[in-house]
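Remarks on the structure that follows.
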Amino acid sequence: MTSATSPAAKPTAEELDLTSVEWRRTSFTGGNNNCAEFARAGQFIVWRDSKRPDQEPLVYTQAEVKALLDGVRAGELDYLLD
C-alpha cells in the first residue's frame with residue numbers, strides 16, 4: 001500500500017517575510033482606499049484590507065486563488081451582488 005504525499009502545510013502570515021512584498025489593488029476601486037490588496041509572498045498569495053494594513057493578511061495558495069478566479073469568471077459568485 002502506498003501513501004499519498006500530502007502538501008506542505010500553508011504558513012500563517014506571521015511565518016512569511018512580508019517586508020518586501022509589492023501590494024497591489026484592482027483599478028476598479030475608484031481610489032477610495034476601500035479595497036482588498038494582494039501580493040505574492042514566495043509561492044503564496046497574501047490578501048489584506050487596505051483600510052487595515054497593519055492587520056495580519058490572509059494567506060492563500062496559488063491553487064486556491066486560481067479556483068476563486070475561475071469561479072468568478074464562470075459567474076458562480078454573481079449571486080453575491082444580487
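Along the sequence shown, the residues carry numbers beginning at 1. Computed over heavy atoms, backbone and side chain alike; hydrogens, waters and symmetry mates excluded.
- Listed by chain and number, the residues in a salt bridge (Lys or Arg N to Asp or Glu O under 4.0 Å) with E15 amount to none (sequence neighbours excluded).
- The hydrophobic cluster containing F38 also contains V72, counting ILVMFWY residues as joined when their side-chain heavy atoms lie under 4.5 angstrom apart, directly or transitively.
- Taking all atoms of both residues into account, the shortest heavy-atom contact from A41 to V46 is CB-CG1, 4.4 Å.
- Rounded to the nearest 0.5 Å, atoms CD (E76) and CG (L68) are 10.0 Å apart.
- In this structure, T61 and E64 approach most closely via the heavy-atom pair N-OE1, 2.7 Å.
- Minimum interatomic distance between V59 and T12 (heavy atoms only, all atoms of both residues): CG2-C, 3.9 Å.
- Rounding to the nearest 0.5 angstrom, the gap separating the CG atom in L18 from the CZ atom in R40 is 13.5 Å.
- Heavy-atom neighbours of K51 NZ from other residues, nucleotides or ligands within 6.0 Å: above the threshold of 12.
- The minimum heavy-atom distance between P57 and A13, with the atom names listed, is O-CB, 3.4 Å.
- With sequence neighbours excluded, the residues forming a salt bridge (Lys or Arg N to Asp or Glu O under 4.0 Å) with E22 are R24, listed by chain and number.
- The aromatic ring centroids of Y60 and W47 lie less than 6.0 Å from each other.
- Interatomic distance, S50 OG to E37 CD, rounded to the nearest 0.5 Å: 5.0 Å.
- Between E56 and R48 there is no salt bridge, since none of the side-chain N atoms of the basic residue sits less than 4.0 Å from a carboxylate O of the acidic one.
- In this structure, CG in L58 is found 12.5 Å from CD1 in I45, a value given to the nearest 0.5 Å.
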